[in-house]
Protein chains: 2
Amino acid sequence: MTKTRRPTRIQARNRAAILDAALEVFSAHGFRGATVDQIAAAAGLSKPNLLYYYPSKEAIHEALLSRLLDTWLDPLRAMDPAGEPLEEILAYVRRKLEMSRDYPRESRLFANEIVQGAPRILGFLTSDLKALVDEKAALLESWMDEGRIARVHPYHLIFSIWSLTQHYADFDVQVRAILDGDDPFETAPAFLDNLYRRLLTSA
Amino acid sequence: MTKTRRPTRIQARNRAAILDAALEVFSAHGFRGATVDQIAAAAGLSKPNLLYYYPSKEAIHEALLSRLLDTWLDPLRAMDPAGEPLEEILAYVRRKLEMSRDYPRESRLFANEIVQGAPRILGFLTSDLKALVDEKAALLESWMDEGRIARVHPYHLIFSIWSLTQHYADFDVQVRAILDGDDPFETAPAFLDNLYRRLLTSA
DNA sequence: GTCTATAATATGATAGAC
DNA sequence: GTCTATCATATTATAGAC
């Protein structure tokens with residue numbers, strides 16, 4: 001009994017290692033720029049062994065993306081219609097910024113995909129993402145109608161949050177080249193908090 | 001005399017066609033994702049003929065990037081110390097947004113490079129770009145010291161302008177997937193103008 | 001499950017005719 | 001200057017031993 005190894009254990013361990021290695025390589029080089037060799041080496045496996053777990057490079061990439069998209073929308077979903085409007089928005093900004101700090105590779109994986117025209121996730125953009133954004137834009141507009149936040153274009157407001165927060169992950173190398181030693185994540189939260197307070201608080 | 005073709009003419013024409021085709025292909029697929037075949041086809045040349053003008057794929061990419069970087073900083077350079085602070089900043093935002101609208105491929109070429117760690121232009125970031133940003137950040141701070149605009153982190157202010165404007169070029173496919181038929185460049189200028197007025201006008 | 005060896009293809013670059 | 005044909009290499013994927 002003790003001698004019979006549970007194959008599921010090894011499989012789970014290897015699959016996790018592969019996905020982590022693939023995230024590292026795909027986010028740094030894009031789909032075409034990444035090679036199966038690099039991913040296998042980063043995962044500590046031989047190339048054929050890696051392809052034993054995932055049948056193709058494409059399959060690894062798909063698995064990664066589908067895992068990412070599954071949680072990518074959670075921060076926006078968490079924006080609560082019952083909460084205090086300005087605080088809900090500021091909390092969303094904070095969450096997105098924390099994701100850029102803690103999961104920059106995921107952000108860059110996504111960015112690589114979008115910049116190149118979203119060939120693999122256009123469906124996600126036009127279905128799940130659009131539906132959620134439409135819902136939350138309507139919520140933002142209702143808050144504006146009630147005079148609880150200043151009136152701005154709700155879709156551009158959401159785009160602004162994405163771009164301002166994801167910039168610190170996607171353009172990390174540029175930000176750090178300019179800030180030299182300073183950690184952008186030390187000072188960005190206060191900047192963004194102030195920005196959205198000023199934008200959304202009626203004068 | 002009339003029979004002797006000026007080779008410079010043809011060369012200039014073909015070189016221009018190659019760079020335009022390369023911009024199209026590199027910006028859409030990244031350096032590794034682009035193939036010499038694709039570029040040659042887009043330029044209307046055979047692959048060997050293309051390589052007659054540029055010795056390698058790398059050389060084409062370098063020529064493109066160096067041409068881009070040469071003008072990439074112009075809008076920021078144009079921010080005039082002698083001008084009215086808020087208007088100078090708003091004009092910079094407008095210029096950057098117009099560049100995203102009129103030259104999205106250039107923006108995506110740059111974005112592809114940065115997202116993947118800027119392997120080819122790290123030197124530019126830490127020298128030319130950093131020097132200019134340092135200079136303009138000092139200018140912004142002097143305006144804040146004089147009380148002519150609200151006090152915010154000057155570097156994050158510049159990052160915010162980059163991210164908010166370039167987002168409409170780099171993430172164009174996502175923006176349009178969500179806005180459906182609406183043209184983002186119709187409504188973005190007013191949104192950004194309002195945003196920076198509220199941020200920088202003292203309460 | 002994991003490996004070595006290798007097949008099959010894609011791609012960057014060159015040779016050489018015209 | 002431009003082309004067809006081709007080389008050399010990189011890369012995805014598979015075969016088959018262990």
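Residue numbers begin at 1 in each chain, while the letters A, B, ... track the order of the sequences. Please read these numbers as outputs of a predicted model, since none were measured by experiment.
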Taking the nucleotide of DNA chain C with the nearest heavy atom to each, does A:Leu45 or B:Ala34 sit closer to the 5' end? A:Leu45
Among pairs that include at least one residue of residues 17-28 of chain B, which meet side-chain hydrogen bond (donor to acceptor under 3.5 Å, both in side chains), considering only residues two or more places apart or in two chains? B:Asp20-B:Arg105, B:Glu24-B:Arg105
Could you give the CZ-to-P distance, from A:Phe26 to D:dT11, as a whole number of Å? 13 Å
Ring centers of A:Tyr54, A:His61 separated by less than 6.0 Å: no
Counting side-chain heavy atoms from CB outward, which of C:dG1, C:dT14, D:dT12 is closest to B:Leu51? C:dT14
Please report the distance, rounded to the nearest Å, between CD in A:Gln38 and P in D:dA13. 15 Å
If you only use heavy atoms from C-beta on, which nucleotide in D:dC3, D:dA13, C:dG12 is closest to the side chain of B:Pro48? D:dC3
For the aromatic rings, using the six-membered ring if either is Trp, is the centroid distance between A:His153 and B:Phe191 under 6.0 Å? no
Measure NE2/A:His61 against P/D:dT11 and give the value in whole Å, please. 17 Å
Check this one for me: any side-chain N or O of A:Asn49 less than 4.0 Å away from OP1 or OP2 of C:dG1? no
Can you tell me how far P of D:dC3 sits from CG of B:Asp37, to the nearest Å? 13 Å
Just checking A:Ala59: base, sugar-phosphate only, or nothing, at a heavy-atom cut-off of under 4.0 Å? nothing
In this structure, how many angstroms lie between the P atom of C:dT11 and the CD atom of B:Glu58, rounded? 17 Å
B:Tyr52 has a side chain; which of D:dT2, C:dT14, D:dA13 sits nearest to it? D:dT2
If you check every side-chain atom of B:Gln11, which of D:dT2, C:dG12, D:dG1 has the closest atom? D:dG1
Just by distance, do the side chain of B:Glu113 and the backbone of B:Arg120 share a donor-acceptor pair under 3.5 Å? yes
Tell me the interatomic distance from A:Leu50, atom CG, to D:dA13, atom C1', rounded to whole angstroms. 11 Å
Expressed in angstrom and rounded to an integer, what is the separation of B:Tyr54 atom OH from D:dG1 atom C1'? 16 Å
Candidates C:dG12, D:dT12, D:dC3 - which lies nearest the side chain of A:Lys47: D:dT12
Is atom OH of B:Tyr103 surrounded by more than 12 heavy atoms (other residues, nucleotides or ligands) closer than 6.0 Å? no
At under 4.0 Å between heavy atoms, what does B:Arg13 touch on the DNA or RNA strands: base, sugar-phosphate, or nothing? nothing
Phosphate OP1/OP2 of C:dT11: any A:Arg32 side-chain N/O under 4.0 Å: yes
Is any side-chain N or O of B:Ser56 closer than 4.0 Å to OP1 or OP2 of C:dG12? no
Nucleotide of C:dG1, D:dG1, D:dT4 approaching A:Ile10 most closely (side-chain heavy atoms): C:dG1
Just checking A:Ala40: base, sugar-phosphate only, or nothing, at a heavy-atom cut-off of under 4.0 Å? nothing
Protein-nucleotide distance (B:Lys57, atom NZ; C:dT14, atom P), rounded to Å: 15 Å
For the student: nearest non-hydrogen atoms of B:Pro184 and B:Arg176, plus distance: CD-NH1, 3.6 Å
Out of C:dT2, C:dG12, D:dT12, which nucleotide sits closest to the side chain of A:Thr35? D:dT12
